[in-house]
Amino acid sequence: MTNRYPVPSTDSAIAALRWALVFIFLFFGIAKFAQYEAEGVAKIASNYPLFAWMYPIWGVRGASNVIGTIELATGAALALGAFSPRISLLGGLMGMCTFIITLSFTLGVSLWEQGYGFPFIGSIAQFLFKDAGLLAGCYAIAIFSARKAGFARS
């Protein structure tokens with residue numbers, strides 16, 4: 001049976017996903033250089049073992065600047081990945097690491113809205129749960145790029 005309606009290609013779907021992720025990494029990365037965001041991140045990250053060591057060394061702004069630089073580098077790798085499957089794979093893997101780390105924050109914070117409980121998520125959970133979808137997007141780009149680069153079979 002032939003398809004009567006044109007279906008967009010997988011390449012175009014990955015391109016849409018790529019540029020959405022670049023947009024997110026760009027603006028979230030830039031925000032890390034602002035005081036308001038640095039303070040917001042510190043509320044969660046300063047007591048978390050993967051990040052706590054940065055705060056005594058660089059302070060709230062310095063630690064946030066490091067995180068922002070990593071996010072901007074991830075966005076750049078994803079953007080350049082539009083032209084190179086190997087760089088795209090790197091960007092996808094960097095993004096996956098970013099979102100695995102942020103999702104791991106859910107292990108040590110209160111997720112449910114006080115006074116309501118499950119299933120009513122609080123503001124921290126709202127901030128973190130979206131990263132599950134972003135992790136899946138980076139995973140899709142990494143798999144697609146690994147195949148394009150010849151590292152994996154279709």
Side-chain angles (χ1 to χ4, degrees), residues 8 10 12-82 85-149 151-152:
T10 302
S12 70
I14 292 293
L17 183 58
R18 171 186 315 285
W19 293 111
L21 286 164
V22 168
F23 179 82
I24 289 167
F25 275 108
L26 174 68
F27 283 100
F28 276 56
I30 289 170
K32 297 297 185 294
F33 291 88
Q35 186 66 35
Y36 78 93
E37 182 69 8
E39 291 170 2
V41 170
K43 288 178 187 173
I44 299 173
S46 64
N47 296 316
Y48 192 70
L50 287 175
F51 294 98
W53 63 271
M54 293 192 296
Y55 288 87
I57 297 170
W58 297 312
V60 170
R61 285 295 290 270
S64 190
N65 290 352
V66 169
I67 295 167
T69 300
I70 292 168
E71 289 179 352
L72 290 172
T74 302
L78 287 167
L80 292 171
R86 289 174 185 240
I87 296 173
S88 182
L89 175 59
L90 175 65
L93 293 172
M94 289 171 69
M96 287 175 61
C97 288
T98 296
F99 297 123
I100 288 169
I101 290 168
T102 58
L103 282 168
S104 73
F105 285 129
T106 62
L107 301 174
V109 297
S110 176
L111 300 173
W112 314 118
E113 187 64 36
Q114 271 189 319
Y116 291 95
F118 180 84
F120 301 101
I121 58 175
S123 60
I124 292 176
Q126 290 177 31
F127 170 73
L128 295 173
F129 284 4
K130 70 173 177 350
D131 289 353
L134 297 171
L135 171 61
C138 289
Y139 175 73
I141 286 178
I143 295 300
F144 181 82
S145 302
R147 289 181 177 150
K148 285 275 188 183
F151 296 130

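Predicted, not measured: the structure shown is a model, and the values here were computed from it.
- To the nearest 0.5 Å, atoms CD1 (Ile70) and CE (Met94) are separated by 7.5 Å.
- For Ser110, the side-chain contact (heavy atoms from CB on, under 4.5 Å) criterion is met by no residue, not counting sequence neighbours.
- Within the structure, salt bridge (Lys or Arg N to Asp or Glu O under 4.0 Å) pairs that include any residue of residues 134-146 do not occur (at least two apart or interchain).
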Distance-only donor-acceptor hits, side chain of residues 114-130, under 3.5 Å, sequence neighbours excluded:
from   : atom 1 : to     : atom 2 : distance (Å)
Lys130 : NZ     : Phe127 : O      : 2.6

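- In this view, Ala132 and Leu103 satisfy the side-chain contact (heavy atoms from CB on, under 4.5 Å) rule, not counting sequence neighbours.
- Considering only residues two or more places apart in sequence or on other chains, Thr102 meets the side chain to side chain donor-acceptor pair (under 3.5 Å) condition with Asp131.
- Remark: Trp58 pairs with Trp53 by the ring pair (Phe, Tyr, Trp, His ring centres under 6.0 Å) rule, at least two apart or across chains.
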Would you give me the side-chain donor-acceptor pairs under 3.5 Å for residues 42-51, sequence neighbours excluded?
from  : atom 1 : to     : atom 2 : distance (Å)
Ser46 : OG     : Ala42  : O      : 2.6
Tyr48 : OH     : Ser104 : OG     : 2.4

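- Under the side-chain contact (heavy atoms from CB on, under 4.5 Å) criterion, Ile100 pairs with Leu135, sequence neighbours left out.
- For the atom pair Leu26 CG and Trp19 CH2, the distance stands at 10.5 Å (nearest 0.5 Å).
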Considering only distance and modelled atom types, tabulate donor-acceptor pairs under 3.5 Å from the side chains of residues 137-146, sequence neighbours left out.
from   : atom 1 : to     : atom 2 : distance (Å)
Ser145 : OG     : Ser88  : OG     : 2.5
Ser145 : OG     : Ile141 : O      : 2.7

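- For the salt bridge (Lys or Arg N to Asp or Glu O under 4.0 Å) condition, no pair includes a residue of residues 93-113, sequence neighbours left out.
- Separation of atoms OG1 (Thr74) and CD1 (Ile24) is listed at 12.5 Å; rounding is to 0.5 Å.
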Please tabulate, for the side chains in residues 60-69, all donor-acceptor contacts under 3.5 angstrom to protein atoms that are two or more places apart in sequence or on a different chain.
from  : atom 1 : to    : atom 2 : distance (Å)
Arg61 : NH1    : Gln35 : OE1    : 3.0
Arg61 : NH2    : Phe33 : O      : 2.7
Ser64 : OG     : Lys32 : O      : 2.6
Asn65 : ND2    : Arg61 : O      : 3.4
Thr69 : OG1    : Asn65 : O      : 2.8

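- In this structure, the side-chain contact (heavy atoms from CB on, under 4.5 Å) partners of Ala31, at least two apart in sequence or on a different chain, are Tyr36, Glu37.
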